Amino acid sequence: MTTESGTDSEAKQPQENKETEKGKAKAAASQQSQAAAEPSSPQNQPEQLPAAVGHSTPARKEQEQQEEDQESHRSSISRLSKSPLRGVKKVKIMQCKVSLLDGSDFTLDVEKRARGQVLFDKVCDHLNLLERDYFGITHKDVENQKNWLDPSKELKKQIRTGPWNFAFNVKFYPPDPSQLTEDITRYYLCLQLRDDVVSGRLPCSFATHTVLGSYAVQSELGDYDPEELGSDYISELRFAPNQTKELEEKVMELHKTYKGMTPAEAEIHFLENAKKLSMYGVDLHHAKDSEGVEIMLGVCASGLLIYRDRLRINRFAWPKILKISYKRNNFYIKIRPGEFEQFESTIGFKLPNHRAAKRLWKVCVEHHTFFRLVSPEAPPKKFLSLGSKFRYSGRTQAQTRRASSQIIRPAPLFERSASKRYNMSLSLDGAPIMENHETLMKDTAADGAAKVIAKGDIITTVTTEKKAEEEKAEQEDTAMDEADTLEPTATTPLRHDTKDTEPPAEMVKHQTNISELKRSFLETGDSTPGLTEWEKRLSSSPAHSPRADEAPMIEPLELQDTKDEPPAGEDTKEEMEPKATEAAGYLVKYVADSIVTDGATSSGPHGISLSTTMDDDVFMDGTLREVEEKTPDSQDEVSERSALKVSPGAVRQEVSQAIIDKKGTLIILKEDRLDTEGSEMSILGEKEEPVVPGEPEAQEKDSLSSSIETETIKEDSAVVIEAQMTVVKTLSPKIDVKADDMTQNKGIDSPKKAMASWISEEVKIEASEVISVSAEEVKEVMKCDSLQQKAEFFTFEEVVQTEQSKSIFTQNSIPESSTTTIAVSTLGWVSSSQKAPADPEQKTVLATETEEGPAESTGPTLQSLENSEVGTKEMPVVHTETKTITYEAAEVDTNGDADPGVLLSAQTITSETTSTTTTTHITKTVKGGVSETRIEKRIVITGDAEIDHDQALAQAIKEAKEQHPDMSVTKVVVHKETEITPEEGEEED
Amino acid sequence: MAGLMAGFGHYTHAIVRGIPASLAGEALRSSQSEVDIAGARREHDAYVEVLRTRLQLEVVELPADESLPDCVFVEDAAVVCGDTALVTRPGAESRRREKEAMSGALKDLNLNIVEMTDENATLDGGDVLFTGREFFVGLSKRTNQRGAEILADAFKDYAVSTVPVQQGLHLKSFCSMGGPGLIVIGSSEPAQKALKIMQQMSDHRYDKLTVPDDLAANCIYMNLPDKGHVLLHCTAEEFPESTKVFEKLKDYTLIPVSNMEKVKVDGALTCCSLLINKKGNN
């Protein structure tokens, strides 16, 4: 149910009081039971709505609407008008209902803007639970799918509609529950498992039902006592999806034998049995393989399991997976090549929809991090990264074990409440709980040691797993049981460099389906028994004690994962990666190293790249989060600012939210629905955002011009472009790399890729070949994959011409320009004089505000591209529909461009804001004795139609002028891109 | 308590069946060969005697049925794990009726019987490798996906992974369990490939014991009270090199069992008995 405090006037009242949130008075005492304890303040009177009421009344909705508007950047004017009122603060309180594991509901109040963590903490406090990291809170979305609340995000952002109802659940099932520190934790885990069993999510045999049931009874009711319990006590409890009298009798038989067993002991026994079940802790997701066969993907502690019906048809242990990514409704995993396989393969799965794909991806990210890493990895750095920056930020299992070993409180007394839920007939949908979210832990810094390792990788990379993880993997390899050996190893990050394996990388990737994979698996040559340390260490079984004098007979069956050890060079590479972002030089070096040393992808052998693709809604998500959510402080800052200034922060949030929550990336102008290949998926986004083809264009055009003219008026409007500048030199070096070797960094070429090297490579798989070709020909700019659909680019170029000479050195290597189209546009400006006349899509001439006079519309940029000497090869592969509008100052003469002049210096600066990425590329050239400084700003805006492009453009122009008062804006290129190509698009990210 | 992951290799009962005279001429075989029916019977008697006398299992001996030439290979007719028995639908049409006697015997043992009734499903027990932790089901000429699915449904506690069988009759024509967590595997390429698949599919770790001869990799492991690890394996006469490998196993009671005649009709050691653990159950 939803409850909000406040009155109609609240719309005008800002809610951001983040900083004071904690201290703030909460719900009114009259609220609800558990929440009653919280202090109340007259200002924060929660309204009580009947539980049955869904969301809110229409009137209320309107309010919220307004509220949303406040954060949207659509209308700066209205925002301005509201600003003055922001002084009044009022906190909205929402009533939340959380279903606990024992079937009871816990009602509490939280501020509407509270983050998930607040709710989670309150629930855990209520439960007296310290080992919290295994748990999470779920919320059912409109599709009735369970989503894990992201602790770092505001609740209201995560609950789009409907009542604020949640459930407290186990998120990460510990492979060895006996290692949990407290009984109370095991108790909750038991409750979860009982529900899993009863619901059918955790299938088990009749015999197991009886065993589990009997321990559950012992735990909950204590010793068998017919007098006290009555004869039919057992029927009141639920043990199985289809509970029979026979089962109950068996349970009772066993129960009788447990006299004297404490509840805690019973729970341990329960867990010892439950953990062995093959589906224990497996989070299932419906999917189809590339051939359209219905399968299930199961995410668990050890990796990804593929089921067809009830049969396991494949399994990919985490170490075997190089990268996971999703795009639209597709989910991809890139698989490390097997022992005798040369190539990595990428396997794609179709999920029912985009949200499902994203949910699966997130669950994978979280499980991998939790179970495989020593410490969570930081989200990708702010620099041009595309795709979701979602990362699991809670404690890993290793960390939580360490932390819980510090628990010193006496074992809490707690009552094992009668589990009401088992008395009721539940809906036994086997619906898996999906999607994990990060748990923002208080003590992220807890593992200093481990952290160190993590720090560096953050950036670029395709999110390699850090070394810590590697070592862990290592450890695992040596250990008998993966699950059981997940002991924290963080403190001493040792690396094994001993094993090699990876064939030198050729990045030819294969898109395979499972069966193909299997086939290839079969085709791999015979493995001579891996003789390594394993050899010496024979089976643990007493029966197989090794004898020195005899040839080894029993060999440990090496798991695939074991064999794929990080090549020695790996480490170097990983270390280098972070640096890459800092200096081109390093990058180059790094690249070189990686080429030499590992054939793997840019991500480390053990690394898994988590990526989403640009056209994904999630696209800017990461960026946003970084800004607003990553550090609570920054968040506050943002909101603060927004209050003052028409709320850029709010805009961001809004945008990000929109991006995050909506399916499609919405491009204003065009839909990418053209995607032929994605046949199956109807993207929700489409529906959500009706775009009227054609019209928007015109509109945009108009508004664009107007925005330019009126930019001064909008001074206070959202500052889209942040000041933060980071030097990014990544692109070109990497590109070079490609030229040499297709391998790893394919991601570089496309803007997205460029920005975030971690972007899925698999996507590029098909494109890769193409890329390589172009790589050779094109010097610095590889823009093969312009696959990024929907991306819209605004290019601003400011050129200061110290003299009359117009020679402009166009450097195509600008990282972000990676897209072909973009690069093109850049070029176009250079050779504007040669522009081909009308391009159907060409816009009308638009006057720029520069004093330079009427702008001249440039022809299709592609045309100009051809003319420019920098000539980049266009990739035939990419079928992207692009629209480029160039507003160029007439005086700019690019004719002389045949001579690029001498490049004195070039630098690229990138900054990101919510939905935009701004790259400033400054080149200084000397040509004919005239020096010229040219600044190109490239702003990439991705996302849905809600982004106010006009405003962004105007803002960017304004800012550019402010920043460089002595320069003039000579050209504005608006480039809009929509992907047409289905297949390639899919492949590429 | 019941069932879940009871000690691996613990058996109390064995179901065996006599050899019909029709075996010599009509039993299915992958290569032409003359079977000495008397020799086969001698072998089988010795085999049963080991189970009954030496290992003290309670042996249920079903009478041979002349209309079922392959009936001695009882392993294919049912899969027993814990207190559940799945009566299969053998891939070979001529063997479908073997289940009748088998069902009766299993019922007499108070096992929970699951019948594979799906007309589209086939499964031979010889394609089912139970490791104590999970099942591997060979997809072979005799066993199909549907059969494997039904098996998975019958034994819900365990992961059931499918493994293509590219050579040989059954999955267990080149592998078997040699102990807890120990897979005995032949050294042929198909065998090794199958093993690789198994290792990839598994959450568990296994050791492997590679023997030169694929057929020798089919052996019978038991863990019996007072006897500890027991392994019935091929004789040196048949597979000298492989036998040497077995002989290196320490702490095992090694029992070579001759199988020279039955092997001619693709019968391996495991094929000739269905082992059941009824201790503690029912």
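In what follows, every chain begins at residue 1, and chains take the letters A, B, ... in the order their sequences are listed. This structure is a prediction, so every number in the text was calculated from the model and none was measured.
Using a 4.5 Å cut-off between heavy atoms, B:Q145 contacts chain A through both its backbone and its side chain. Heavy atoms of A:L202 lying under 4.5 Å from chain B are absent altogether.
A distance of 8.0 Å separates CG of B:D157 from NE2 of A:H209, quoted to the nearest 0.5 Å. Here the straight-line distance linking atom CZ of A:F316 with atom CD of B:Q200 works out to 6.0 Å at 0.5 Å rounding. Rounding to the nearest 0.5 angstrom, the gap separating the CE atom in B:M201 from the CD1 atom in A:I313 is 7.5 Å. Taken to the nearest 0.5 Å, the CE atom of A:M279 stands 12.5 Å off from the NZ atom of B:K156. Distance check: A:T208 OG1 to B:Y158 OH gives 7.0 Å after rounding to the nearest 0.5 Å. Rounding to the nearest 0.5 angstrom, the gap separating the OG1 atom in A:T210 from the CG atom in B:D83 is 8.0 Å.
Within the 4.5 Å cutoff, side-chain heavy atoms of A:R315 are placed close to those of B:D203. Looking only at side-chain heavy atoms (C-beta outward), B:T162 and A:R312 stay at 4.5 Å or farther from each other.
Interface check for chain A: of the options B:T84, B:V137, B:D153, the most heavy-atom pairs under 4.5 Å are formed by B:D153. Of all the listed residues (B:G228, B:A152, B:P190), the one sharing the greatest number of non-hydrogen pairs under 4.5 Å with chain A is B:A152.
The minimum heavy-atom distance between A:S278 and B:A159, with the atom names listed, is CB-N, 3.1 Å.
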